[in-house]
Every structure is written in C-alpha cells, then in structure tokens.
Protein chains: 2
Amino acid sequence: MSVEREISPRTIERLSLYRRLLLPHHEGEDSYIFSHDLAELAGVTATQVRRDFMQLGCMGVPRTGYRIGELLSGISGILDAPAGQRAALVGVGHLGAALLNHFSGRWRWLHIHAAFDRDPDKAGSVIHGCHCFPMSELSTLIRERKIDLGIITVPRDHAQEVANQLIEAGVQGLLNFAPIRLRHGDDIYVENVDLTSAFETVAYFARCRRPSLFISESHRGFPSLDDRKLRGDDVKS
Amino acid sequence: MSVEREISPRTIERLSLYRRLLLPHHEGEDSYIFSHDLAELAGVTATQVRRDFMQLGCMGVPRTGYRIGELLSGISGILDAPAGQRAALVGVGHLGAALLNHFSGRWRWLHIHAAFDRDPDKAGSVIHGCHCFPMSELSTLIRERKIDLGIITVPRDHAQEVANQLIEAGVQGLLNFAPIRLRHGDDIYVENVDLTSAFETVAYFARCRRPSLFISESHRGFPSLDDRKLRGDDVKS
DNA sequence: ATTCATTCGTGAAAGAAATAACGATTGAAA
DNA sequence: TTTCAATCGTTATTTCTTTCACGAATGAAT
C-alpha cells in the first residue's frame with residue numbers, strides 16, 4: 001500500500017473527471033453505476049473505465065456495476081493528500097483572479113493558500129477570499145506555511161523567474177499558464193495549461209472537420225463501440 | 001497540397017508552441033535556429049522537433065539549422081485559416097472575462113468576435129473590447145456573422161445546453177472550460193480545458209516526486225538524450 | 001583540397017495508450 | 001432450478017507517439 005506503481009497522468013486526469021461526474025450520482029450507500037454509463041458521461045470507452053478502476057483496485061460486480069461510494073473513496077485515496085496540500089498563485093491579473101475565484105473553497109484538502117503580485121496596490125488586499133502579498137514575501141511565506149504547489153499566471157517574460165523563486169522556496173509542482181515551457185529540474189512536476197495552443201488547436205480541427213478538406217480518420221473522438229454493440233445500443237456509424 | 005494527411009492534435013499543439021517561441025528569434029530574413037535549441041525552449045527532444053518540421057515540409061540545413069522565417073510561414077500555413085476564423089464566448093463570468101482579455105487583439109486571423117451572457121446587465125456592454133449580447137441573440141448572430149468556434153465558460157449545469165445551441169447555430173469547434181464532457185456529433189471538434197483536473201494532477205505528481213514514495217520512472221519528463229550526447233552537452237542523469 | 005565535427009532526415013525500434021476480444025460471473029426471468 | 005443476457009476483469013492486439021540510430025549533407029578549420 002505504501003510503494004505503489006505510479007499512475008500515468010492521463011489516468012489521473014480521468015480519475016479526477018470520474019470523481020466530479022460521480023459525485024451527483026452518489027445518493028446513499030447503495031448507488032451503483034455501470035462502466036458504460038460512466039464512460040458515456042466521461043466521453044471515453046467502457047473498457048477504459050474498467051481498466052482505470054482495475055488500476056484503482058475497485059472491483060465491480062457483473063449486472064450490478066460499481067458501488068459509487070467505493071469508487072469515490074478509492075479515487076480520493078489516490079488524489080487527495082491526507083495532510084492536505086497548499087498552493088500559491090503568483091500573478092493576480094485577470095486570469096489569476098479568475099482562478100482564485102474558480103478554486104476558492106472548492107476542496108478541503110487542496111486550496112490556494114496565498115496569492116502574490118508585483119503590484120504593491122494589490123498586496124494586503126483580499127481577492128476572492130485569498131490574501132494577496134507582495135513578491136518580496138514569497139520565499140518566506142512559502143517556506144513558513146509549507147506551501148508545496150505554485151500556480152503561475154504572470155506575463156511571459158516573468159514566468160521563468162517566478163518559477164525559479166517558487167522552486168527555490170521549495171514547491172514540488174507547478175501549474176503554468178504562461179505561454180512558454182519552464183526550465184526546471186526532474187524533481188519538479190510542471191503541468192502546462194496552454195490557452196493559446198488550445199484555442200489554435202480547436203480552430204485547426206474545426207476547419208478540418210469540414211468534409212472534403214482532409215482525410216478524416218476520427219482520432220481522439222469517441223468511437224464508442226466495445227461491449228455496447230452487444231446490447232444493441234444506438235451506434236451511429 | 002489541398003488534400004493532406006490530417007496532423008495529430010499533439011503535433012498541432014507543438015506547432016502552436018513553436019511559433020510563439022520562434023517569434024522573438026525572428027530578426028531579419030537570415031535568422032536560423034537548430035532543432036536542439038528550439039527543442040530546449042519547447043521542452044521536447046530535438047528529434048521531435050525535426051519530425052514535426054518534416055511533417056510540415058520545412059527542410060533544414062546541416063550545420064546551419066532551419067530558417068526561422070520559413071518555419072513561421074510553414075506553421076502559419078497550417079494553423080491559420082486564410083479567411084480568418086471567428087469565435088463566440090458564452091458565459092462572461094470571471095473566467096470568461098479573463099479569456100476575453102487574454103485573447104483580445106492577439107491575432108488577426110483568429111479572434112473572439114462576440115460574447116454572450118445570461119445576465120441582461122451585461123448585454124450591450126463592451127468587455128475587454130468585446131461586445132456582449134443576450135443569449136436570445138446567440139443563434140442569429142452566430143449565423144449572420146459566420147462564427148465557427150465556440151468558447152464555453154458557463155457553469156456546469158448550463159454547459160451542455162449552451163453547447164447544443166452553439167452547435168445548432170453552426171459552430172464547428174468548441175473550447176470547453178466547463179468541468180464536464182459535452183455530448184456532440186462526430187462532426188464537431190471539442191477541446192476540453194479541465195482546470196480542476198490540471199490542478200489535481202499537479203497536486204498528485206508533486207506528492208509523487210518526493211523520493212521513496214513511488215517508483216519514479218520519469219515519464220513525460222525530458223530524458224533529453226538523442227544527438228546531444230554526441231556533442232557532450234551537460235546531461236545530468 | 002581535405003578533414004572533421006555537427007546537424008539533418010528518416011527508417012526502424014521502442015514505448016505508451018487505447019481498444020478489441022473473450023471467458024467468467026452474476027442477477028433476473030422463466 | 002435452469003437459463004440467459006448483461007456486465008465484469010483481463011489478456012491480447014492494435015494504434016498512436018516518441019525515441020533511437022545512423023547514413024548523408026554541410027560549413028568551417030587547417
């Protein structure tokens with residue numbers, strides 16, 4: 001139970017999604033769900049769902065499904081640190097403030113504990129329930145308050161420097177919204193949220209979906225076959 | 001040149017990144033860059049960079065590198081629609097407004113043309129340079145103004161309905177920030193930006209990076225070997 | 001001119017991730 | 001009780017992506 005195999009990022013992301021999708025279905029201890037129903041909600045195949053839960057150690061029962069409560073605690077056992085985790089957000093611009101709002105008070109075990117901004121006017125203020133401090137206090141506060149995650153929402157040209165400061169102060173992971181790739185050691189985990197790439201990617205594939213421009217081969221879509229063809233579900237091919 | 005092989009989403013995302021990283025290096029017609037230098041900036045291997053450019057049709061020259069101007073126009077040839085593309089953003093909350101600000105006036109060929117919100121107070125206002133309209137005008141405006149992309153920043157419980165309206169009105173692609181997976185036909189491309197998953201994923205792997213808790217096998221990191229070992233670069237293994 | 005270390009392009013190999021396939025199990029219906 | 005269709009767990013397969021490896025090309029140094 002202590003030394004387990006590391007789970008792949010893709011799986012972790014799906015587990016996070018499953019949990020959100022399951023929560024509204026968790027009514028009482030006797031709620032169950034089938035792999036293909038969750039698969040539909042999550043936009044993946046039923047096989048994928050079963051495989052993910054297998055990795056989690058959650059067993060389902062044929063013709064009954066998976067006990068939702070068991071799934072939820074299984075997922076929490078993986079995703080949530082028992083002692084909780086704290087994040088610091090650096091760069092309280094429009095995006096930073098929006099994230100403070102988005103994440104504020106959403107979870108007990110994972111929350112944004114402090115925000116930092118270069119602008120002295122923002123220091124001392126409380127934005128969406130989060131205290132904002134000047135950059136000069138970053139190192140000290142991160143160390144003192146045992147903050148182990150950093151969220152970077154500063155402009156491009158300051159991102160690397162901020163990352164260095166955060167890492168120096170001891171954070172283990174970074175969520176980076178700046179449009180670059182940060183340099184960092186192997187002991188730091190960095191997740192990039194690249195809004196520009198996302199937007200341009202949608203634009204590209206939206207164009208490709210116009211028939212006759214490209215040879216469409218439906219990748220990354222939801223073929224959604226697997227077992228459900230046996231049940232005679234509506235499969236529009 | 002007209003019917004080409006569709007490029008994979010991963011590659012498209014990298015091309016978008018390459019372009020941003022190259023732009024500051026494009027000084028004059030005679031700027032060149034080596035695959036391994038761009039690789040370092042992008043946090044990928046040199047081989048990957050060369051592969052991507054091969055797919056693009058851009059050839060480099062040994063001991064000289066790739067002409068940056070050629071790369072940029074090659075990438076633009078793939079990513080940018082000659083006629084331009086317009087997006088509509090639905091849900092002008094904190095996140096929506098931040099995105100309006102983030103994307104406003106950033107590109108000629110791809111921009112957010114209109115915003116929509118349920119709140120009547122917002123209708124008629126201009127937010128970060130973008131006109132905001134009531135939901136009732138969504139269908140008409142999207143059709144009239146030939147908007148082909150949708151950005152969804154509404155709360156979870158409204159996301160599917162908004163997606164339906166956008167699709168009904170004719171958009172080809174969606175950029176979804178709501179924490180669910182949207183149901184949609186195969187002819188629509190949907191890119192999910194899952195902030196919660198991203199946050200929870202960082203939290204998980206930040207914990208894992210503490211030695212001795214997991215068998216670290218460095219996936220998704222930058223092994224960064226390839227040719228550079230031949231050049232004797234500093235490879236800290 | 002010749003040599004040589006570098007860098008490129010790309011086929012082959014490896015690795016990762018998703019899907020298909022199928023025996024085993026189970027609850028429900030006859 | 002028996003039958004049966006539905007669902008599960010898991011192995012095998014496929015598909016996709018990345019990396020390796022190496023011959024070819026090229027500019028610079030001598």
Side-chain angles (χ1 to χ4, degrees), chain A residues 5-15 17 30 32-40 42-67 70-71 74 217-233 235 237, chain B residues 5-15 30 32-40 42-68 70-71 74 217-233 235 237:
Chain A
R5 179 110 181 72
E6 190 171 306
I7 298 173
S8 89
R10 303 292 273 278
T11 305
I12 292 292
E13 279 163 26
R14 280 193 300 270
L15 291 181
L17 174 62
D30 282 335
Y32 288 82
I33 194 166
F34 292 131
S35 59
H36 59 262
D37 287 333
L38 180 55
E40 167 117 14
V44 298
T45 62
T47 303
Q48 181 88 79
V49 169
R50 292 203 296 273
R51 180 173 282 289
D52 289 336
F53 288 158
M54 199 176 63
Q55 199 165 163
L56 222 164
C58 285
M59 294 288 179
V61 177
R63 303 210 51 134
T64 302
Y66 296 85
R67 167 173 258 127
E70 193 183 324
L71 293 178
E217 271 179 20
S218 108
H219 61 137
R220 218 198 222 189
F222 312 148
S224 61
L225 287 178
D226 193 41
D227 319 25
R228 75 189 59 186
K229 70 188 169 200
L230 300 174
R231 300 206 320 286
D233 278 11
V235 177
S237 75
Chain B
R5 181 110 183 71
E6 189 171 309
I7 297 174
S8 89
R10 302 294 272 279
T11 305
I12 291 293
E13 278 163 28
R14 280 193 300 269
L15 290 181
D30 281 336
Y32 288 82
I33 194 167
F34 292 130
S35 60
H36 59 262
D37 287 332
L38 180 55
E40 169 116 14
V44 299
T45 62
T47 305
Q48 181 90 77
V49 169
R50 292 203 296 270
R51 262 248 124 78
D52 290 336
F53 289 159
M54 201 175 64
Q55 200 165 164
L56 224 165
C58 285
M59 293 291 177
V61 177
R63 302 211 50 131
T64 301
Y66 296 85
R67 167 174 259 126
I68 294 182
E70 192 183 327
L71 292 178
E217 272 178 21
S218 109
H219 62 138
R220 217 198 221 186
F222 311 149
S224 61
L225 287 178
D226 194 42
D227 320 24
R228 74 188 62 184
K229 71 188 167 201
L230 302 174
R231 298 206 321 287
D233 277 10
V235 177
S237 73

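Throughout, a chain's letter reflects where its sequence line sits, starting with A, and its residues are numbered from 1.
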(request) Rounded off to whole Å, could you give me the CD-to-P distance for the A/Glu70 and D/dC8 pair? (result) 13 Å
(request) Work out how much the helix from C/dA1-D/dT30 to C/dA30-D/dT1 bends between its end axes, five pairs an end, to the nearest 10 degrees. (result) 0°
(message) Heavy atoms from C-beta onward define the side chain here; which of D/dA21, D/dT18, C/dG9 lies closest to that of B/Met59?
(response) C/dG9
(request) Grab the CE-C1' distance between A/Met54 and D/dA12 for me, whole Å please. (result) 13 Å
(request) Rounded to the nearest 0.5 Å, what's the gap from CG on A/Asp52 to OG on A/Ser8? Could you check? (result) 8.0 Å
(request) Scan B/Tyr66 against the nucleic acid and name what it touches under 4.0 Å (heavy atoms): base, sugar-phosphate only, or nothing. (result) sugar-phosphate
(request) Rounded to the nearest angstrom, tell me the gap between atom CG in A/Leu71 and atom P in D/dC8. (result) 11 Å
(request) State the CD1-CZ distance between B/Ile33 and B/Arg67, to the nearest 0.5 angstrom. (result) 14.0 Å
(request) Using atom CZ of B/Arg10 as one end and atom C1' of D/dT15 as the other, report the distance to the nearest whole Å. (result) 14 Å
(message) Between C/dT19 and A/Arg51, counting only base atoms on the nucleotide and side-chain atoms on the residue, is there a donor-acceptor pair under 3.5 Å?
(response) yes
(message) Minimum heavy-atom separation for A/Tyr66 and A/Arg50, please, with both atom names.
(response) OH-CG, 3.5 Å
(message) From CG of A/Leu56 over to C1' of D/dG9, roughly how many Å is that when rounded to an integer?
(response) 14 Å
(request) Would you give the length of the straight line joining atom OH of A/Tyr32 to atom CD of A/Glu70, rounded to the nearest 0.5 angstrom? (result) 8.5 Å
(request) Hey, could you give me the CG/CG distance between A/Leu38 and A/Leu17, rounded to the nearest 0.5 Å? (result) 7.5 Å
(message) By nearest atom, which of the nucleotides D/dT10, D/dG27, C/dT10 is closest to the B/Thr64 side chain?
(response) D/dG27
(request) Report yes if a side-chain nitrogen or oxygen of A/Tyr32 is closer than 4.0 Å to either non-bridging phosphate oxygen (OP1 or OP2) of C/dG27; otherwise report no. (result) no
(request) Whole angstrom is fine here: how far is it from CZ in A/Arg67 over to P in C/dG27? (result) 12 Å
(message) If I take atom CD from residue B/Gln55 and atom CD1 from residue B/Ile7, how far apart are they, to the nearest 0.5 angstrom?
(response) 5.0 Å
(message) So, does B/Arg50 get its side chain near the phosphate of C/dC8, meaning an N or O under 4.0 Å from OP1 or OP2?
(response) yes
(message) Tell me the interatomic distance from A/Gln55, atom CD, to D/dC8, atom P, rounded to whole angstroms.
(response) 18 Å
(request) Give a yes or no on whether a donor-acceptor pair under 3.5 Å exists between the nucleobase atoms of D/dA5, that is its base, and the side chain of A/Arg63. (result) yes
(message) Rounded to whole Å, how long is the line connecting atom CG of A/Asp52 with atom P of C/dT19?
(response) 11 Å
(message) If you only use heavy atoms from C-beta on, which nucleotide in D/dT18, C/dA20, D/dT19 is closest to the side chain of B/Arg14?
(response) D/dT18
(message) If you compare every side-chain N and O of B/Ser35 against the phosphate oxygens of C/dC8 (OP1, OP2), does one of them come in below 4.0 Å?
(response) yes
(request) Can you sort out the partners of B/Arg51 under side chain to side chain donor-acceptor pair (under 3.5 Å), two or more places apart, ordered by chain and number? (result) none
(request) Would you indicate, yes or no, if D/dT18 has its OP1 or OP2 atom less than 4.0 angstrom from a side-chain nitrogen or oxygen of B/Thr45? (result) no
(message) For A/Pro62 and A/Thr11, find the nucleotide of DNA chain C closest to each by heavy atoms; which residue's nucleotide sits nearer the 5' end?
(response) A/Thr11
(message) Please compare A/Phe34 and B/Gln48 by the position of their nearest nucleotide in DNA chain D and report the one closer to 5'.
(response) A/Phe34
(request) Measure across A/Leu71 and A/Cys58 and return the closest heavy-atom pair with its distance rounded to 0.1 Å. (result) CD2-CB, 3.8 Å
